[in-house]
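We use all heavy atoms of the structure for the numbers below, so side chains are in, but hydrogens, waters and symmetry mates are not. Counting from 1, the numbers follow the sequence of the chain as shown.
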Amino acid sequence: MSLRVYNTLTREKEPFVPVTPGHVGIYLCGPTVYKPPHMGHLVGPVIFDAIKRYLVHRGYKVTWVVNVTDVDDKIIDEAGKRGITFEALAREQTALYLGVLADLGIKDQIDVMPYASQHMGEIIGIIETLIAKGHAYAADGNVWFDTATDADYGKLSNRKLEDQEAGLRDLAGTGKKHPADFALWKSVKPGEPSWTSPWGHGRPGWHIECSAMSIKYLGETFDIHGGGDDLKFPHHENELAQSECCTGKQFVKYWLHNGLTRIKTKAASGEWKAEKMSKSLGNTLDARDLIDAQGPDVIRYLLLSTHYRSPIEFNEEVLANVKKAISVFTRLFERAQRLTAAPAEPASTDLTAPYEEKFHASMDDDFNTAGAIASLHECAGAINAEIEKTGVEKSKDPAVITRVSQATLRLKALAGVLGLFTVEPKKPAVDDSLAEGLMQLIIRLRAEARQKKDFATADAIRDGLAGLNIALIDRPDGTGWEKK
């Protein structure tokens with residue numbers, strides 16, 4: 001099966017054919033860095049990290065660009081409230097963003113991370129071209145894109161120009177010809193950062209920044225442009241219009257929009273409601289706190305366990321289910337590792353082949369990570385069943401050990417295509433040898449109690465450990481333990 005992707009522009013699934021054979025260019029709209037990253041800021045990076053990994057797995061050479069908007073009204077306002085420069089605020093918040101991406105194993109997957117403030121030359125050049133071609137006009141130090149000159153304006157979001165104009169404000173004092181016209185360049189206001197331009201001191205509008213950076217690093221026509229569904233209009237619509245009017249070429253072949261994170265909150269009436277997670281609504285979850293508390297695989301699994309175009313529900317029940325699902329894999333990995341001290345190569349076997357096929361079929365169907373994860377669970381079930389059926393934990397049959405080890409490593413490699421289980425979890429700072437020694441003593445005392453048929457003591461030991469979030473795991477080759 002060949003790869004097919006859903007294109008927001010055509011509203012259809014289409015065969016994926018890159019602009020340049022063997023090469024794929026991806027642009028993902030990154031953060032506006034004025035406050036610490038929250039859960040919603042992780043959705044796009046996790047999804048498109050998985051998309052890049054899969055395309056590389058398929059043999060493509062991929063260039064993935066994620067921009068940083070470090071010039072914006074929100075940044076200027078927040079910096080003013082804190083009494084620092086916009087540059088200092090942007091540096092501080094960008095560092096926090098890069099920190100969470102690093103912990104999720106994403107940062108090193110991004111090939112280019114351009115900053116808007118460093119691309120004024122490219123931004124001004126596009127604006128000059130748009131003016132020369134009659135698609136933009138200057139007024140009182142501002143430059144506006146003339147939406148009336150673009151017959152295709154609205155094709156991405158499927159909005160007619162006259163419908164958009166109806167709800168917009170009066171034009172008096174704006175210098176705009178039409179209500180739907182949008183800013184390419186803004187004249188400077190007192191106390192704001194500014195750059196020199198042919199129209200006077202000012203700064204760029206938000207939309208033009210992404211056009212300048214994507215074209216510079218990926219070319220005038222590139223393969224995939226991604227972002228949240230809330231960016232479809234006006235950001236991506238305006239980006240598309242100004243880019244194609246500037247170059248006269250198709251801007252992007254495939255537009256991919258991911259669903260938004262929704263968090264369930266309790267209303268005053270006592271009813272639960274799901275709403276978009278956003279800073280403006282005040283319902284965000286700090287990304288750093290989440291990763292530290294839950295670990296990177298929990299966050300990644302949660303965001304990939306639904307199709308990328310669907311909304312992502314977040315609540316305690318969902319979180320608990322994700323942890324339970326992940327434990328299926330971690331326990332299998334530990335189980336297979338105990339069988340042999342010399343790990344085998346991650347080879348495809350009869351145990352994994354059917355599920356590898358399902359995995360690839362799901363990912364080839366518009367990057368269906370939910371279906372791919374389901375196939376990984378089926379594969380884990382098959383390997384566990386083989387271990388039980390052969391009794392290899394007791395027999396230590398070398399041939400079976402090799403087969404199971406190869407299959408487990410192959411499963412882990414497939415999970416790694418989605419970025420799962422690629423980051424070593426942070427372990428608590430404890431004396432490992434002391435903890436292990438104490439646990440082995442407790443396990444031995446429990447075993448002795450069971451041999452004496454003192455089940456009350458044995459159960460008390462297990463229950464007491466459970467109260468400390470420590471689980472005992474009885475296996476054919478002995479008892480192990482894990483910290484939940």
Side-chain angles (χ1 to χ4, degrees), residues 3-8 11 13 26 28-29 37-55 57 100-101 104-106 109 224 226-232 254-265 272-278 283-285 287 290-291 294-329 355 358-381 414-422:
L3 174 61
R4 296 176 66 83
V5 299
Y6 181 85
N7 189 350
T8 304
R11 297 160 190 83
K13 283 185 185 178
I26 303 175
L28 175 67
C29 285
H38 59 71
M39 177 74 170
H41 290 133
L42 305 181
V43 179
V46 167
I47 289 169
F48 282 88
D49 174 67
I51 288 174
K52 177 186 175 177
R53 287 173 187 265
Y54 184 67
L55 290 171
H57 175 72
V100 298
L101 293 191
L104 287 169
I106 295 173
Q109 293 291 314
I224 296 174
D229 196 59
D230 56 340
L231 295 181
K232 191 186 306 178
Y254 308 98
W255 289 86
L256 275 60
H257 289 93
N258 58 268
L260 306 178
T261 310
R262 300 193 305 189
I263 185 168
K264 281 191 175 179
T265 56
W272 288 89
K273 62 177 181 178
E275 58 185 5
K276 171 191 168 185
M277 188 181 294
S278 71
N283 63 358
T284 59
L285 298 170
L290 275 171
I291 294 171
Q294 310 299 338
D297 281 323
V298 170
I299 304 303
R300 186 182 282 271
Y301 187 106
L302 171 63
L303 298 180
L304 296 178
S305 57
T306 58
H307 191 280
Y308 76 86
R309 286 191 282 117
S310 301
I312 300 164
E313 297 287 352
F314 186 91
N315 55 52
E316 289 301 320
E317 182 182 0
V318 170
L319 204 56
N321 290 336
V322 167
K323 292 176 182 178
K324 184 177 179 180
I326 286 178
S327 70
V328 171
F329 297 103
Y355 311 107
K358 288 183 179 181
F359 178 92
H360 289 107
S362 292
M363 290 301 288
D364 282 343
D365 184 15
D366 192 30
F367 304 115
N368 183 1
T369 55
I373 287 175
S375 69
L376 296 179
H377 274 282
E378 291 183 45
C379 187
L414 274 180
V417 173
L418 301 181
L420 289 167
F421 314 119
T422 60

K.L.:
Search all heavy atoms of L104 against all heavy atoms of V46 and return the closest pair with its distance.
P.N.:
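Result for this residue pair: CD1-CG2, 4.3 Å.
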
K.L.:
Can you see which heavy atom on D365 is nearest to which on H307, and at what distance?
P.N.:
O-NE2, 4.3 Å

K.L.:
Could you measure the distance from the CD1 atom of I224 to the CG atom of L28? Nearest 0.5 Å is fine.
P.N.:
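Reported value, rounded in 0.5 Å steps: 11.0 Å.
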
K.L.:
Taking D49 first and then K52, would you say they form a salt bridge - that is, a charged N and a carboxylate O separated by under 4.0 Å?
P.N.:
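A salt bridge is absent here (no side-chain N lies under 4.0 Å from a carboxylate O).
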
K.L.:
Is the side chain of R300 donor-acceptor paired with the backbone N or O of L418 at a distance under 3.5 Å, no angle test?
P.N.:
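Yes; judged by distance alone, with no hydrogens or angles, the pair exists.
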
K.L.:
Between atom CZ of F367 and atom CZ of R309, what is the distance when rounded to the nearest 0.5 Å?
P.N.:
11.5 Å

K.L.:
Which pair of non-hydrogen atoms, one from F329 and one from F421, has the smallest distance, and what is that distance?
P.N.:
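Result for this residue pair: CB-CZ, 3.6 Å.
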
K.L.:
For the OG1 atom of T8 and the CG atom of L256, what is their distance to the nearest 0.5 Å?
P.N.:
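Spacing of OG1 (T8) from CG (L256) equals 6.5 Å.
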
K.L.:
Which label fits W255 and H257: parallel for a plane angle under 30°, tilted from 30 to 60°, or perpendicular past 60°?
P.N.:
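The rings of W255 and H257 lie parallel, inter-plane angle below 30°.
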
K.L.:
Might you point out which heavy atoms bring V5 and Y254 nearest each other, and give the distance in Å?
P.N.:
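Smallest interatomic distance, heavy atoms only, reads CG2-CD2, 3.5 Å.
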
K.L.:
Mind running side chain to side chain contact (heavy atoms under 4.5 Å, CB included) on V298 and L319 for me, showing each step along the way?
P.N.:
CA-CA 8 Å; V298 170; L319 204 56; 3.8 Å; yes

K.L.:
List, one per line, each side-chain donor-acceptor pair under 3.5 Å for residues 369-380, sequence neighbours excluded.
P.N.:
unit_1, atom_1, unit_2, atom_2, d
T369, OG1, L304, O, 2.7
S375, OG, A372, O, 2.6
H377, NE2, Y301, OH, 2.7
E378, OE1, K358, NZ, 2.7

K.L.:
Hey, mind stepping through T422 and R53 against side chain to side chain contact (heavy atoms under 4.5 Å, CB included) and telling me if it holds?
P.N.:
CA-CA 12 Å; T422 60; R53 287 173 187 265; 4.1 Å; yes

K.L.:
If I take atom CD1 from residue I312 and atom CG from residue L303, how far apart are they, to the nearest 0.5 angstrom?
P.N.:
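Between I312 CD1 and L303 CG, I get 5.0 Å after rounding to 0.5 Å.
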
K.L.:
About how many Å separate CD1 of I47 and CG of N258, when rounded to the nearest 0.5 Å?
P.N.:
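Here the interatomic distance stands at 4.0 Å.
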
K.L.:
How close do P37 and V100 get, counting heavy atoms only, and between which atoms?
P.N.:
CG-CG2, 4.1 Å

K.L.:
CG/L420 to CG/L414 distance, rounded to the nearest 0.5 angstrom?
P.N.:
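Reported to 0.5 Å precision, the distance equals 11.0 Å.
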
K.L.:
Are F48 and I106 side-chain neighbours, meaning at least one heavy-atom pair lies under 4.5 Å?
P.N.:
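SC-SC contact between F48 and I106 ruled out.
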
K.L.:
Okay, side chain of R262, backbone of P311: is any donor-acceptor separation there less than 3.5 Å?
P.N.:
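Side chain of R262 to backbone of P311: no pair is present.
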
K.L.:
Give the minimum heavy-atom separation between M39 and L290, together with the two atoms involved.
P.N.:
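Distance-wise, the nearest heavy atoms are SD-CD1, 3.5 Å.
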
K.L.:
Report the C-alpha separation of D364 and Y54 in whole Å, then their side-chain angles, then the decisive distance to 0.1 Å, and conclude whether the side chain to side chain contact (heavy atoms under 4.5 Å, CB included) test is met.
P.N.:
CA-CA 9 Å; D364 282 343; Y54 184 67; 2.8 Å; yes

